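All remarks here apply to the structure that follows.
These numbers were taken from a predicted model, which means no experiment stands behind them.
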Amino acid sequence: MLSQLPTFDHPDLLSQDIPFADAAIFRINEHQALVQSVDFFTPVVDDPYIYGQIAAANALSDIFAMGARPLTAMNVICFPINCLDSTVMLKILEGGQERIQAAGAVMAGGHSVEDDEPKYGLSVTGMVDPQQMITTCGCRPGDRIYLTKPLGTGLLTTAIKGEVLDEAEIQDAIQGMVCLNKAAAEAMLAARASACTDITGFGLLGHATELAAASQVGLKIYLDRLPHYAQALDMASMGLVPLGAHRNREYYGTRMDGQEGCDPLLIDLFCDPQTSGGLLIAIAPERAENLEAEFAARGVKAPCIGEVTADSPGRVQVVQS
C-alpha cells in the first residue's frame, strides 16, 4: 500500500536514507536536526493514569532510540465521552504528562476525537546532532548486542484480557512499560554505540531482523540469555500467545534461522509484540565493557544477548545452549 504513495525526495529529510528509521529526521543545519514520531494505542491496563504513563513512555521511545533529546509532546486522544466519565480522560492525560515531564520535554498541546474506544499517545519532537545520532545502519561484524528491558508484555497483557492474571500479578511488567528509555539512551550515547532500535509491536524478532537488514549484517541471538518478565513463559506454555506474535513469526520467520532446535516457548517470547519495550543496542566489542559500566551507573539492567556477524546479511540466527 505504501509503495503506491508518492515519496518526498528532500536533501534535508535524512530519515529517507535510513532503512527502518525509528523516527523522521529533518536537518535544520549542520549540527541540528528535528526528530519526530507519533504513536498511540488502546488501553493495555485498566488504571487510566498508568495507561497514560505507558502510552507516553512508548511514544517517547522512538526519540530516545535515535539518541535524540525530546523537546515537545502533543497529546493524541480518542475518547467515548458519552460512555466514560471525563475524569478518566483527565487521569490518562495526567499520566502522560508525568512521563513527558520525566523525559525532560514540554507538553505543547494536542488533539481529541470522540470514539467508541479510548486511544491515547503522543506526537513527539526532539533534537539531535546529525553527526552524533544513532541509527539502524551502524552495526558492524563483531559488535555485541544488548537489550535494555525484559520481554513478555504481549503475553502478559493477553493473559489479563483472558482473565488468567490480574494487574497486581504483573507489577514488574507494568513498571517496565512505564519506565522511560532515557537512562538507557544516555548510556549508549556515553559509550558511543554503533546502532540502536527500540522493541515494540514487531517483537524482538522483527526489530532485530530490521536492524540486520538496515546494516546489511547478520545477528546471532542467544535465546537463553533473553530477559523476560515473571510468568511470561508460563503464559506461553498455556497457549496465551497474542495474535501479533503469530503475525510476527509468519512475516519475519522466513528470515530466522536455527529455530528448529530451540525451545518453542522461547521462540514465542522472541516473537512477542512489546508495548514500551527496551532498546536493542549494538556496540563495538572494545566499548562493550564501557557500555556495561554506563548501564550500571544508571541502574539499567541490560544483558548482552547476542552479536553481529558477517554471515547471512538481513537474517537472524537463534541459538540455544
Between Asn29 and Gln32, is there a side-chain donor-acceptor contact under 3.5 Å, judged purely by atom types and distance? yes
Under 3.5 Å, is there a donor-acceptor pair linking the side chains of Thr153 and Gln274? yes
Checking one residue: Ile281. Which other hydrophobic residues are in its cluster under the side-chain 4.5 Å linking rule? Ile134, Tyr146, Met188, Leu189, Leu279, Ile283, Leu291, Phe295, Val300
Non-hydrogen side-chain atoms of Pro141 and Thr309 separated by less than 4.5 Å: no
side-chain contact (heavy atoms from CB on, under 4.5 Å) between Val35 and Met127, intermediate numbers included: CA-CA 6 Å; Val35 181; Met127 187 75 73; over 6 Å; no
Val106 with Ile63, same ILVMFWY side-chain cluster at under 4.5 Å: no
For Gly201 versus Pro273, what's the shortest heavy-atom pair and its separation? O-CB, 3.1 Å
Flag yes if more than 12 heavy atoms outside Phe41 fall under 6.0 Å of its CZ atom; otherwise flag no. yes
Should we say atom CD of Glu286 is surrounded by more than 12 heavy atoms from elsewhere, each under 6.0 Å from it? yes
Please work out whether the ring planes of Tyr51 and Tyr120 are parallel, tilted or perpendicular, with thresholds of 30° and 60°. perpendicular
Is the number of heavy atoms from other residues, nucleotides or ligands within 6.0 Å of CD (Gln216) greater than 12? yes
Is the CD atom of Glu289 crowded by more than 12 outside heavy atoms at less than 6.0 Å? no
Which distance, rounded to the nearest 0.5 Å, do you find between the NZ of Lys119 and the CD1 of Ile92? 11.5 Å
So for atom NZ, which belongs to Lys91, do other residues, nucleotides or ligands contribute more than 12 heavy atoms lying within a distance under 6.0 Å? no
Clusters formed by hydrophobic residues whose side-chain heavy atoms approach within less than 4.5 Å: which one holds Leu2, and what are its other members? Met1, Leu5
Testing the basics here: between Pro130 and Ala33, what is the closest heavy-atom pair and its distance to 0.1 Å? CG-CB, 3.8 Å
Ring of Tyr222, cation from Arg225 - is the NZ or CZ under 6.0 Å from the centre and inside 45° of the axis? yes
Does Thr157 reach the side chain of Val44, with side-chain heavy atoms less than 4.5 Å apart? yes
Crowding at CZ, Phe79 (>12 non-hydrogen neighbours, <6.0 Å): yes
Return each pair, listed once, that meets side-chain hydrogen bond (donor to acceptor under 3.5 Å, both in side chains) where at least one residue sits in residues 53-69; pairs must be two or more places apart or across chains. Ser37-Asp62, Asp39-Asn58, Gln53-Glu98, Ser61-Asn181, Ser61-Asp198
Test: Glu250 and Arg247 ion pair at under 4.0 Å: no
Per side-chain contact (heavy atoms from CB on, under 4.5 Å), Asn75 is matched among Met107, Gln97, His111 by Met107
With a 6.0 Å cut-off on the ring centroids, do His207 and Phe20 count as close? no
